[in-house]
Every structure is written in structure tokens, then in C-alpha cells.
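Comments concern the structure below.
As a basis for the values below, the full set of heavy atoms in this structure was taken, side chains included, without hydrogen atoms, waters or symmetry mates.
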There are 2 protein chains.
Amino acid sequence: MALRPPALDPARLPPRSSSGYPEPFRSRVLPREKRALGDPLGLTKIGVNLTTLAPGKESSMRHYHAREDELVFVVEGEVVLRTDEGEQVLAAGTCAGFPAGSKNGHQLVNRSDRPARYLEISNRDPEDGAEYPDVDLAFRKTPDGGVLFTHKDGRPY
Amino acid sequence: MALRPPALDPARLPPRSSSGYPEPFRSRVLPREKRALGDPLGLTKIGVNLTTLAPGKESSMRHYHAREDELVFVVEGEVVLRTDEGEQVLAAGTCAGFPAGSKNGHQLVNRSDRPARYLEISNRDPEDGAEYPDVDLAFRKTPDGGVLFTHKDGRPY
């Protein structure tokens with residue numbers, strides 16, 4: 001039987017398969033499916049995405065957030081976590097956490113031959129931004145609730 | 001190979017098997033194992049527990065939070081979600097969300113014959129409290145970072 005609010009079956013949510021990244025970064029993360037679980041249930045203080053990453057793809061460029069804690073929990077398959085300390089394989093049932101403001105860029109890469117699925121969990125801060133140590137990219141939230149990706153010097157893509 | 005920070009294998013964390021509840025509520029939730037995933041990784045803005053609930057046990061008394069959003073995601077087994085709208089079975093891979101301040105009490109009950117495991121996700125607000133519509137119990141955080149359970153009129157247990 002179909003679940004009704006406040007319960008939710010993520011399999012019934014249409015995935016978001018787009019990315020705000022400019023090229024050449026967009027092609028490194030797509031195809032990628034994100035399902036926002038908190039939004040349809042009215043949550044505003046936390047963000048929880050269930051994300052499916054195709055083989056060969058990256059969750060994001062390596063980055064860290066200014067004002068949002070982030071935790072990823074692998075639900076299915078496996079991904080490689082890349083940080084300043086190198087690489088580690090995260091199997092299903094394991095996790096990783098990144099405190100707001102900690103300048104240790106992270107990303108997940110699916111080097112396996114099947115899709116990987118993980119939860120991305122964070123608080124929500126309207127003044128959040130992100131830094132990307134490896135590429136000429138910067139991210140910030142805009143006053144209207146949108147997101148903006150620019151070059152590091154602020155020029156638009 | 002053992003994971004190192006910022007990664008974490010929850011299976012390597014010692015579980016917390018206690019409850020701050022007074023009796024007769026404590027016996028309704030224990031045995032129950034909670035593993036805090038964000039704390040050992042330095043997260044302070046979100047709380048993420050991986051909780052294992054034994055057959056016949058309740059996650060909590062039915063409650064709602066004043067200032068913290070909450071989302072539960074079932075990782076293994078199944079639980080029954082109880083809210084004002086009645087009961088629904090949450091299988092592995094499904095979730096439920098409870099906005100801060102929404103006066104719809106919720107709890108999970110394990111009516112199956114095997115342990116259930118789920119993630120409990122929330123923002124962290126030092127002024128949070130909880131109300132319990134079915135029982136004479138109230139919860140609030142204290143200025144020193146602790147938690148206090150009292151009767152609804154404030155008397156200590």
C-alpha cells in the first residue's frame with residue numbers, strides 16, 4: 001500500500017537529474033539522480049537527499065561547505081571517498097562526515113560497475129557557500145533562495 | 001581495512017544502550033542500541049543516530065519536537081510508524097519526516113520478529129524540547145547541554 005505523509009517511499013519520487021554546475025564539471029557528475037526526502041514532508045531545517053550515482057561518475061567536485069555540516073551514509077553499492085588524506089572505499093552501511101568550515105575538500109566517486117546509492121544529510125543555512133580546492137569554481141546561496149556557481153574570482157560562467 | 005576520519009564504520013562504534021526516560025517508559029524502549037555517527041566526526045549542527053530496535057520495542061514515546069526537524073530512514077527490517085493519522089509499515093528504504101513544531105506525535109514500534117535498524121536525523125537546537133501527547137512526560141534541553149525529563153507540570157520523576 002502506498003505510504004502517506006508523514007511517511008514517504010523515495011521510489012515514488014521523481015528524481016532530479018540536473019546539475020547547477022557549468023561545464024566541464026556537469027558532465028563529470030551526470031547522470032546522477034537526487035531525490036529530496038525532507039522537502040515533500042515540510043522539513044526546512046535539514047536537507048536529506050537520496051542520491052544514485054552511476055558508474056564512473058563523481059558526486060560533486062571536491063569541496064567543503066562554509067556553514068553546513070554534511071554527513072553521507074551509503075545505502076547500496078560502494079563509493080570511493082576522496083579527501084586531503086587520500087582515498088577510502090565506503091561500502092554500504094558506512095558513512096563520512098564533514099563539519100562546516102573544515103577546509104578538507106571531499107567528493108565521492110563511483111569506481112564500481114553498478115549504481116551506488118547514498119544519503120546526503122545537512123543542516124540548512126541560507127548563507128552557506130562552498131569552496132572547491134581543485135577547480136576554478138565557487139558556490140554561494142543567493143538571497144532569493146537560489147544557488148550561484150561562479151569562477152573563483154566571482155565572474156559568471 | 002578500517003576506515004579513518006572523516007570516514008566511519010558504524011559497526012566499530014560502541015552502542016549506547018541507555019535511555020534518559022524514567023520508568024515505566026524506559027522499559028518500553030530498551031533494549032535499544034544507538035550509535036551517534038556525527039559526534040565522533042565533529043559535527044555539531046546535525047545529529048545522526050543509527051538505531052537498532054529490538055522486536056516488541058518502541059523507538060520513544062509518541063512525541064513531537066519544538067525546534068528540531070526530524071527524519072527517519074529505515075536501513076534494515078521494518079517498523080510501524082504511529083502518528084495522529086494511524087499506523088503505517090515502514091520497510092527498509094522508506095522514510096518519514098516530522099517538521100519542528102508540527103503537533104503530530106510520532107513513534108516507531110518494532111512489531112516484527114527481528115531487529116530493525118534506522119537512521120534518526122535532525123538539526124540541533126539548544127533550546128529544543130518535546131511534547132508527549134499520550135503520556136505524562138515532558139522533555140527539554142538544559143543550559144549545560146544535558147536533557148531533562150519531567151512530568152508535564154514540571155515535577156521531577
Side-chain angles (χ1 to χ4, degrees), chain A residues 1-13 35 37-48 50 64-65 67-76 80-81 83-102 104 106 117 119 121-125, chain B residues 1-13 35 37-48 50 64-65 67-76 79 81 83-102 104 106 117 119 121-125:
Chain A
M1 200 173 67
L3 294 176
R4 57 190 191 280
L8 177 70
D9 182 354
R12 301 227 168 192
L13 287 177
R35 290 172 170 85
L37 307 185
D39 293 4
L41 297 171
L43 305 190
T44 58
K45 297 171 186 286
I46 54 174
V48 181
L50 181 61
Y64 51 86
H65 285 270
R67 297 171 66 101
E68 292 182 355
D69 281 356
E70 188 180 351
L71 187 137
V72 296
F73 183 95
V74 181
V75 174
E76 192 180 323
V80 174
L81 169 68
T83 63
D84 284 350
E85 293 86 3
E87 301 192 344
Q88 303 182 69
V89 175
L90 301 185
T94 67
C95 64
F98 315 103
S102 172
N104 187 354
H106 66 273
R117 185 167 291 196
L119 291 166
I121 300 161
S122 68
N123 58 302
R124 282 185 166 172
D125 191 306
Chain B
M1 199 174 70
L3 295 176
R4 57 190 192 278
L8 178 69
D9 182 354
R12 300 228 169 191
L13 287 177
R35 289 173 171 85
L37 306 185
D39 293 5
L41 296 171
L43 305 190
T44 58
K45 298 171 186 288
I46 55 175
V48 181
L50 180 63
Y64 50 87
H65 286 270
R67 297 171 66 102
E68 293 182 356
D69 281 354
E70 187 179 351
L71 187 138
V72 296
F73 183 95
V74 181
V75 174
E76 192 181 323
V79 290
L81 170 67
T83 64
D84 285 350
E85 294 86 3
E87 300 192 346
Q88 302 183 70
V89 175
L90 301 185
T94 69
C95 65
F98 315 102
S102 172
N104 186 356
H106 66 272
R117 187 168 290 196
L119 291 167
I121 300 161
S122 67
N123 58 301
R124 283 186 167 172
D125 191 307

Quick one: NZ on Lys45(B) to CG on Leu71(A), what's the gap to the nearest 0.5 Å? 15.0 Å
Among Leu43(B), Thr94(B), Asp9(B), residue most engaged with chain A (heavy-atom pairs, under 4.5 Å): Leu43(B)
Tell me, side chain or backbone of Leu90(B) under 4.5 Å from chain A's heavy atoms, or both, or neither? side chain
Using 0.5 Å steps for rounding, measure from the CD atom of Glu70(A) to the CG atom of Leu41(B). 12.0 Å
From CG (Leu119(B)) to SG (Cys95(A)), nearest 0.5 Å: 8.5 Å
The reported gap from CD1 in Ile121(A) to CG in Asn123(B) (rounded to nearest 0.5 angstrom) is 12.5 Å
Given a strict heavy-atom distance threshold of 4.5 Å, which part of Pro40(B) is in contact with chain A: side chain, backbone, both, or neither? neither
Heavy-atom proximity to chain A below 4.5 Å, by part of Val89(B): backbone
Evaluate the side-chain contact (heavy atoms from CB on, under 4.5 Å) criterion for residues Phe73(B) and Leu37(A): first the C-alpha distance (whole Å), next the side-chain angles of each, then the deciding distance (0.1 Å), finally the verdict. CA-CA 10 Å; Phe73(B) 183 95; Leu37(A) 307 185; 4.0 Å; yes
When Leu50(B), Thr44(B), Asn104(B) are compared by non-hydrogen pairs under 4.5 Å with chain A, the top option: Thr44(B)
Of all the heavy-atom pairs spanning Pro10(A) and Gly93(B), show the shortest one and how long it is. CD-O, 3.1 Å
Who pairs with Asp39(B) by side-chain hydrogen bond (donor to acceptor under 3.5 Å, both in side chains), at least two apart in sequence or on another chain? Arg124(B)
Among all residues two or more places apart in sequence or in another chain, which pass the side-chain hydrogen bond (donor to acceptor under 3.5 Å, both in side chains) test with Glu76(B)? none
Quick one: what part of Leu81(B) sits under 4.5 Å from any heavy atom of chain A, side chain, backbone, both or neither? side chain
Could you look at Arg117(B) and say if it's the side chain, the backbone, both or neither that has a heavy atom under 4.5 Å from chain A? neither
